[in-house]
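Heavy atoms only: backbone and side chains are in, while hydrogens, waters and symmetry mates are out. Quick note on labels: first sequence line is chain A, next is B, and so on, each numbered from 1.
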2 protein chains.
Amino acid sequence: MNMNIAVAQSGGPTCAINASLAGVFEAGIISKGVDKIYGSFNGIEGIIENRLADLSEYLKTNEDLELLMRTPSAALGSCRRKLPEYENDPEIYKTITECFRRYNIGLFLYIGGNDSMDTVAKLSRYYAENSIDIKVIGIPKTIDNDLYGTDYCPGFGSAAKYVAATVQEITRDSNVYSVPSVTIVETMGRHAGWLTAASACMRLNGESAPHLIYLPEHTFCSEKFINDVKEMMKKHKAVICAVSEGVRTADGKFAAEEYQSCKTDAFGHAYLSGIGKYLENLVSEKIGCKVRSIELNVMQRCSSHFASLTDIEGARSIGAEAVNAGVDGETGCMMTFERVSSSPYEYTISRIPADKAANSERFFPKEWINDEGNDVTDDALKYLMPLIQGELLPIMKNGMPQHFQFR
Amino acid sequence: MNMNIAVAQSGGPTCAINASLAGVFEAGIISKGVDKIYGSFNGIEGIIENRLADLSEYLKTNEDLELLMRTPSAALGSCRRKLPEYENDPEIYKTITECFRRYNIGLFLYIGGNDSMDTVAKLSRYYAENSIDIKVIGIPKTIDNDLYGTDYCPGFGSAAKYVAATVQEITRDSNVYSVPSVTIVETMGRHAGWLTAASACMRLNGESAPHLIYLPEHTFCSEKFINDVKEMMKKHKAVICAVSEGVRTADGKFAAEEYQSCKTDAFGHAYLSGIGKYLENLVSEKIGCKVRSIELNVMQRCSSHFASLTDIEGARSIGAEAVNAGVDGETGCMMTFERVSSSPYEYTISRIPADKAANSERFFPKEWINDEGNDVTDDALKYLMPLIQGELLPIMKNGMPQHFQFR
C-alpha cells in the first residue's frame with residue numbers, strides 16, 4: 001500500500017527553505033511509493049494541532065513551484081518548539097503519531113536547524129524502539145551555516161551573497177566624501193561567524209574592503225579593535241568593518257553586554273543595543289572621526305530577490321533526495337552535502353545521524369582566521385565562492401517580485 | 001572654438017547618480033560643440049581644489065559605461081559644500097572661474113539636490129551679471145524625491161523599488177510564527193514621505209501590507225499609533241508598519257526626540273535612537289506583544305543590484321539632455337521630467353529656474369494621505385507605479401556584482 005508524506009518547516013526562515021519544500025513536493029509527486037504530500041503549518045505544531053493541507057491543492061502548476069522557490073521565509077509557517085524527551089511527555093508522542101496515522105503518513109520530513117534535527121532524532125528513535133513504521137528525516141536549513149556534517153546549509157549561500165553584495169554597495173556609499181570615516185556593518189551569527197566571513201566575497205573581484213572582519217570564533221577586545229581601526233585609517237579613507245553580532249570578550253560575554261547593562265530606555269527596560277551601535281559609539285569616543293553603524297537585520301535571511309542559484313538549486317535537490325532516502329527506508333538522519341571539488345563546484349548528497357547534527361555546532365575554522373583575529377584567509381574565500389554563484393531572479397509583476405502564499 | 005564640459009556630483013549618493021554621469025559623458029562625446037568632458041572629484045570641491053580628470057581616460061569602452069550605470073553612489077565622489085553669496089566671498093567665485101578657464105570649460109553640469117541647485121543658481125547668476133560665457137545647469141538627484149518642479153528625482157525610483165520589495169520580503173519573514181507580532185520598518189525621509197509611501201507598492205500585487213504608513217506630512221501622535229496598531233492586530237496576525245524617520249508630533253518636534261533626550265550612552269552622549277527603535281519600545285510597553293524594528297539605512301540609496309530600469313534610464317536621459325540644453329545656450333536651470341501619462345508612462349524633459357528648485361521643497365501631497373493619517377491612497381500608487389518598472393541587473397563576475405571605480 002502506498003504511503004503519504006508529511007513535510008514541515010521550522011526555526012528561523014531563510015531564502016532557501018521553500019526551495020527544499022518544492023523539492024520534496026516534486027520528488028514526492030513522481031515517487032511510485034507515495035500518494036499524497038501533506039504540508040504541516042507551523043512546523044511540528046501543525047502535526048500536534050492537526051493543521052495539515054494536501055499540497056497538491058495549492059501547488060497546481062509549474063509556475064506555483066517556480067514562485068514557491070523564489071519566496072523567502074517559510075511558506076508553511078515555522079515554530080520554535082522543541083520536543084521533550086519521551087519519558088517526560090509520552091502523550092505528545094502519541095498525539096503526533098495519531099496525526100500521522102490519520103493521514104497515513106509513512107515519512108515525515110522536517111526542514112530546519114539544530115532543534116529540528118533534535119525532533120527528528122527523538123521521533124525516529126521512538127518509532128524504531130516501538131516498531132512503528134514511520135520514517136523521519138531532517139533537511140538542513142540555516143543562514144548561520146553552523147549545522148554539523150554538511151558542506152553548507154541551504155539558505156546560507158543566499159544570505160552570504162546578500163551580505164557580500166550589500167557590504168560592497170555600502171562600501172561605494174562610504175567612499176563618496178573626502179573626510180575619513182569608519183563604517184561598521186553588523187551581521188547575524190550569534191555563535192558562528194560564517195555569514196560575517198562571507199562579506200569577504202567582495203574581494204573576489206579585487207576590492208580591498210571589508211578592511212576588518214571580526215567573528216565570534218576569535219576573542220574580541222575593544223582596545224585591539226580601536227587600534228586596528230586606527231591602523232586601517234592610515235591606508236584607507238573609508239574603513240569598512242564587518243562584525244558578527246556574537247563577538248565575545250575574553251570572559252565569554254557578548255562584547256556589547258557591558259555597554260547594554262548600564263543603559264535603560266525611557267520605559268526603564270534594559271536597552272539591547274547591538275555590537276554595531278556599541279562600536280560606533282566607541283569609535284566616536286576614542287577616535288572622533290565620522291562613523292556609522294548598519295545592521296543588516298532580517299534582510300540577510302529574506303532577500304530572495306538576489307538569491308544564490310547554487311544555494312536554491314542545492315536546497316531543491318536535497319529536499320528531493322530526502323524523499324528518495326525515506327522511500328528507500330532511511331530514517332533518523334539529516335541529509336548532507338559532501339563537497340567533491342570547489343572549482344568546478346561538485347558535491348554529492350549523503351546523510352548523517354540526526355542526533356549528531358542536533359548536538360553539534362560547526363564553527364568557522366580557526367585556521368581560516370588570520371593571526372591578528374581581524375580578517376579571514378584565502379582558504380575561506382575558496383570555500384565560500386562556489387556557494388554564491390548564479391542568481392535565481394524573481395518573477396516580476398507590476399515592477400514587484402511575486403511571492404507564493406498558501407491561502 | 002569648441003568648449004569642454006565639467007561635470008560633478010554632490011549631496012547624498014543614490015543608485016542613479018552615475019547613470020546621469022554616463023548620460024552626460026555619452027551626449028558630450030557625440031556633441032559637435034564639445035571637445036572633452038572633465039569630471040570634478042568631490043563636487044564643487046574638485047573645481048576649487050583643481051582636482052579634475054578627463055573622463056575619456058577612464059571611460060574607454062561601452063562596458064565601462066554599462067558598469068558605471070550599475071554602480072551605486074557617486075563614482076566621482078561627493079561633497080556637502082554650499083557656495084556663499086558672492087558678496088560674502090568673491091574669492092571663491094574667482095577660484096572656480098579660474099579653474100573653468102584653465103580647462104576651457106563652457107558648461108558646468110552639477111548633479112545633486114537642493115544645495116547643488118543653489119550653487120547652480122548662484123554661479124550662473126554671477127556669470128550672467130559679469131558677462132562670462134560659462135553656462136551652469138543642474139541635474140536633479142535625490143532618493144527623497146523632494147525637489148520642486150520635476151515629476152520625480154532620479155534615484156528615487158530605485159530606492160522606492162528597493163523599499164517596496166524589501167518590506168514585502170520582511171512581511172514574508174514576519175508571517176512565519178503563529179504568535180501575533182508587530183514589525184516596524186523605518187525608512188529615510190527627514191521632511192518628505194515619498195520613500196515611506198513607496199512601501200505601499202507591494203500592494204500592486206494584492207498584498208495587504210504594509211498595514212500602517214506614517215509620513216512626515218501628517219502630524220504623528222504616539223497614542224493614536226498604539227490605537228492604530230491595536231486595531232490592525234484584530235485583522236492581521238503580523239502587523240507591518242512603515243514609518244518615516246521624519247515623523248513629527250504636533251509641537252513640530254521629531255517624534256523620537258523626547259525619548260532620545262532622556263537617554264545617554266555609556267560615554268555620556270545623547271543617544272540618537274531612530275523612530276523605529278522608539279516605536280518598538282512603545283509597542284513593547286503598551287501592548288506587550290512580540291515586536292521588532294528594522295532600519296533600512298543606507299541600503300535604500302545604494303542597493304543598485306535591484307535598481308529600477310525606468311529610474312536609471314531616466315537618469316541617463318536627463319543627463320544627456322542637460323548637455324544638449326547647455327550646448328544650446330541654456331543656463332541657470334535645473335532639468336526636469338514632466339509626466340505626460342502614467343499608463344503607459346510617458347514624459348518629456350524640460351527645465352525650471354535653478355533658484356526655484358533650490359528654495360522649494362516638494363512634499364508628499366496631503367490629499368494622497370488617508371483621513372486617519374496612517375495610510376496612502378490609490379492616487380499615490382498610480383503616481384509611484386511607473387517609477388519602479390523594470391530592473392537593470394548587475395553585470396556579475398565570480399558571483400558578485402561588478403562596479404566601476406575611478407582609480
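- Considering only heavy-atom pairs separated by less than 4.5 Å from chain B, the leading option among A:Q402, A:Q389, A:E295 is A:Q389.
- Contacts of A:T166 with chain B are made by side-chain atoms alone, with heavy-atom separations under 4.5 Å and no backbone atom involved.
- Closest of all the heavy-atom pairs between B:Y177 and A:G11 is OH-O, 3.4 Å.
- Counting heavy atoms of neighbouring residues, nucleotides and ligands inside a 6.0 Å radius, atom NZ of A:K237 exceeds 12 of them.
- In this structure a side-chain-to-backbone donor-acceptor pair under 3.5 Å is present from A:E169 to B:S304.
- When B:E207, B:Q405, B:M202, B:E45 are compared by the number of non-hydrogen pairs under 4.5 Å with chain A, B:Q405 comes out ahead.
- Atoms CG and CG, from B:N297 and A:L296 in turn, are 9.0 Å apart once rounded to the nearest 0.5 Å.
- Between B:R172 and A:T71 there is a side-chain heavy-atom pair separated by less than 4.5 Å.
- Using a 4.5 Å cut-off between heavy atoms, A:S174 makes no contact with chain B at all.
- Residues B:H305 and A:E391 form no side-chain contact, since every pair of their non-hydrogen atoms from C-beta on lies 4.5 Å or further apart.
- Both the backbone and the side chain of A:N398 come within less than 4.5 Å of a heavy atom of chain B.
- Both the backbone and the side chain of A:M400 have a heavy atom closer than 4.5 Å to some heavy atom of chain B.
- The contact between A:M396 and chain B is made entirely by side chain atoms (from C-beta outward), counting heavy-atom distances below 4.5 Å.
- With contacts defined as side-chain heavy-atom distances shorter than 4.5 Å, the pair A:V298/B:R292 qualifies.
- In this structure, chain B has no heavy atom under 4.5 Å from any part of A:L309.
- Residue B:L393 touches chain A through its side chain alone, counting heavy-atom pairs closer than 4.5 Å.
- A:I294 places a side-chain heavy atom less than 4.5 Å from the side chain of B:M299.
- Proximity to chain B involves both the backbone and the side chain of A:Q168, based on heavy atoms less than 4.5 angstrom apart.
- Comparing A:G390, A:A165, A:S303, A:G43 by heavy-atom pairs within less than 4.5 Å of chain B, the highest count is held by A:S303.
- Shown here for A:P401 and B:N205, the closest heavy-atom pair between the two residues is O-ND2, 4.1 Å.
- Looking at A:S10, there are no atoms closer than 4.5 Å to chain B (heavy atoms on both sides), in backbone or side chain.
- If you measure heavy-atom distances from B:S293 to chain A, the contacts under 4.5 Å come from the backbone alone.
- Looking at B:T14, there are no atoms closer than 4.5 Å to chain A (heavy atoms on both sides), in backbone or side chain.
- Neither the backbone nor the side chain of A:Q9 comes within contact range of chain B; no heavy atoms are under 4.5 Å apart.
- For the atom pair OG1 of A:T171 and NE2 of B:H403, the computed distance is 9.0 Å after rounding to the nearest 0.5 Å.
- Proximity to chain A (any heavy atom under 4.5 Å) is shown, for B:P386, by neither the backbone nor the side chain.
- One distance of note links OG of B:S178 with CZ of A:R81; it measures 9.5 Å at 0.5 Å rounding.
- With a 4.5 angstrom heavy-atom cutoff, A:F306 touches chain B only via side-chain atoms.
- Rounded to the nearest 0.5 Å, atoms CD (B:Q300) and CG (A:D173) are 11.0 Å apart.
- For the options A:C15, A:G77, A:S73, heavy-atom pairs under 4.5 Å to chain B are most numerous at A:S73.
- Minimum interatomic distance between B:A74 and A:V176 (heavy atoms only, all atoms of both residues): N-CG1, 3.6 Å.
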